[in-house]
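Heavy atoms only: backbone and side chains are in, while hydrogens, waters and symmetry mates are out.
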Amino acid sequence: MESLKKLYLLMVAFILLPAQLLASGDEHVIHDEFESYLLGRGASASLLSKEENWNQFVLMKLKAADACSRGWDTLPSFMQLCKSLQGEDMKGRLVSSSKPLVVGSFIEIEQLYYPLSQQASLHDEVQAKAYMDSVYVGLSCGKSFADFPLCRYSKGCYSSENLLQEMLVKIDNLSENELSVPFYTPLGLHIIRVLKHHAPNNQAFSRSALLKKEAVKNKDLIRLAAIRDSLLAVCWDAYHVSEVQAEEVTPDILQKFFQKYRDRYHWEFPHFKGAVICCKSKRMASRIKRYLKKVDFMNLSDAFSKLKKDNSAIVGEMQMGLFQIGKNPYVDKLVFKCGEYPERLDYPYIFVIGKRLDKGPENYQDVYSEVLEDYQKMLQEQLLQNLKQRFQLDFDSKVLKTVNYSASN
């Protein structure tokens with residue numbers, strides 16, 4: 001539930017067109033969708049081969065299909081952000097066109113909004129209302145919109161037909177530079193100021209008018225649908241990454257995973273697992289060795305600190321970890337019998353405690369971050385395999401042959 005709240009608060013601002021998530025076998029549509037996907041990826045698409053991009057495209061469509069089945073595309077917050085992205089994309093492309101455009105009115109506004117879930121408690125709602133009332137008083141007294149960090153600030157020029165109805169009601173009753181009182185929308189509590197009403201002109205983008213004209217071709221609709229699907233896939237990733245990361249991963253789970261896939265963590269070069277200790281003399285080193293002899297690797301540092309604290313005659317330094325050959329001159333000389341290490345005047349006697357690992361790590365803790373990352377990737381892959389079973393996309397990869405692809409791969 002917490003992840004859904006984060007998803008809900010993530011979105012803000014503009015035009016949602018219906019999208020065909022489970023595509024038909026129409027090769028022309030699939031071709032145009034894939035080309036729109038590559039266009040949206042920009043330079044990053046060139047880092048992958050055409051086949052790799054195709055696989056990512058199919059996964060994007062699967063994620064979008066699952067997001068729609070959960071109803072995320074109907075969240076007001078999602079619709080607002082999707083409208084903004086689609087509107088800006090279409091406006092930018094149509095304004096640069098040589099064809100005259102049918103016009104619509106635009107309103108330039110700035111706003112503060114305090115995110116509030118539609119399932120918020122009465123206590124939270126009362127607190128939010130009190131805070132926004134104080135914000136309104138501050139703004140009325142000349143404070144800047146930037147003076148209220150608890151609120152989210154935005155400023156832009158929006159099509160009158162692409163704003164939330166609750167906003168339009170307020171805007172209709174506001175003059176330029178007039179401030180609204182706090183009001184509710186599905187996103188939370190808002191305060192807006194109308195900066196300027198823009199008269200219709202031939203550079204404006206009006207969805208309803210454009211949809212009545214032949215200027216909007218099938219490719220335009222596919223482009224907008226691609227933006228929508230990409231945004232749904234981003235939401236799917238954000239939700240499931242947090243879901244996977246939130247899953248309790250115990251040491252036992254990671255150790256079993258490590259044992260099963262141990263070969264993938266094989267080291268190309270030998271390592272030393274232990275500690276390098278610098279002290280005053282060989283006699284002092286013997287005392288330290290006796291004390292640390294039966295201490296577990298993970299507790300070496302704490303044990304050495306305790307020894308020095310309890311016995312002021314013991315002084316020295318410890319450096320512990322996994323040392324690959326060639327990375328530490330003391331380990332190279334004392335463990336791997338190669339090279340020379342620099343002498344130290346403050347601590348002339350140097351020795352090591354630990355073990356040499358030639359073939360690879362002995363447990364998951366030696367490669368903890370890699371094992372955890374691989375385990376979470378496996379969980380995500382399982383989620384994606386489930387999607388492939390639930391949503392059968394009628395996509396034929398022979399479309400790849402018809403796509404113009406100039407990447408270097």
* Structure fact -> Taken to the nearest 0.5 Å, the spacing of Tyr113 OH from Arg152 CZ works out to 4.5 Å
* Would you say the side-chain atoms of Asp358 pair up with the backbone N or O of Pro270, donor to acceptor, closer than 3.5 Å? -> no
* Does the Thr250 side chain pair with the main chain of Ile253, one donor and one acceptor, at a distance under 3.5 Å? -> yes
* To do: Could you tell me the separation between the CG atom of Asp302 and the CG atom of Asp296, rounded to the nearest 0.5 Å?
  => 11.0 Å
* Restricting to pairs with a member in residues 305-336, which pass ring pair (Phe, Tyr, Trp, His ring centres under 6.0 Å), not counting sequence neighbours? -> Tyr330-Tyr341
* Side-chain heavy-atom pair Val194, Lys170 within 4.5 angstrom cut-off -> no
* Mutual orientation of the aromatic rings belonging to Phe57 and Phe34 [parallel < 30°, tilted 30-60°, perpendicular > 60°] -> tilted
* Any side-chain donor-acceptor pair under 3.5 Å between Tyr265 and Asp366? -> no
* Any sub-3.5 Å donor-acceptor pair from Lys308's side-chain atoms to Gly316's backbone N or O? -> yes
* Taking side chain as C-beta onward, heavy atoms only, is Lys355 less than 4.5 Å from Phe297? -> no
* **Heavy-atom side-chain proximity of Gln319 to Asn328 below 4.5 angstrom** => yes
* Does the side chain of Asp374 come within less than 4.5 Å of Tyr261's, by heavy atoms? -> no
* Asked: Out of curiosity, Tyr364 OH to Ser369 OG, how far, rounded to the nearest 0.5 Å?
  -> 12.5 Å
* Asked: Heavy-atom distance under 4.5 Å between the side chains of Val135 and Leu189, does that happen here?
  -> no
* Asked: Just wondering, do Tyr131 and Cys151 contact through their side chains at under 4.5 Å, heavy atoms?
  -> yes
* Can you tell if the side chain of Trp236 reaches within under 4.5 Å of the side chain of Leu62, non-hydrogen atoms only? -> no
* Pair Glu125 + Lys129, salt bridge at N-O below 4.0 Å -> no
* Side chain proximity check, Tyr114 to Pro182, heavy atoms < 4.5 angstrom -> no
* CH2/Trp72 to CG/Leu232 distance, rounded to the nearest 0.5 angstrom? -> 9.0 Å
* To do: Kindly assign one of parallel, tilted or perpendicular to the pair His271 and Trp267, based on the angle between their ring planes and the thresholds 30° and 60°.
  => parallel
* To do: Return the set of residues passing side-chain hydrogen bond (donor to acceptor under 3.5 Å, both in side chains) with Glu317 (not counting sequence neighbours), or none when no residue passes.
  => Arg344
* Rounded to the nearest 0.5 Å, what's the gap from CG on Leu139 to OG on Ser180? Could you check? => 9.5 Å
* Where do Ser144 and Asp147 land on the side-chain hydrogen bond (donor to acceptor under 3.5 Å, both in side chains) test, with the steps shown first? -> CA-CA 5 Å; Ser144 165; Asp147 292 333; 4.7 Å; no
* Structure fact -> In this structure, CD1 of Ile353 is separated from NZ of Lys289 (nearest 0.5 Å) by 7.0 Å
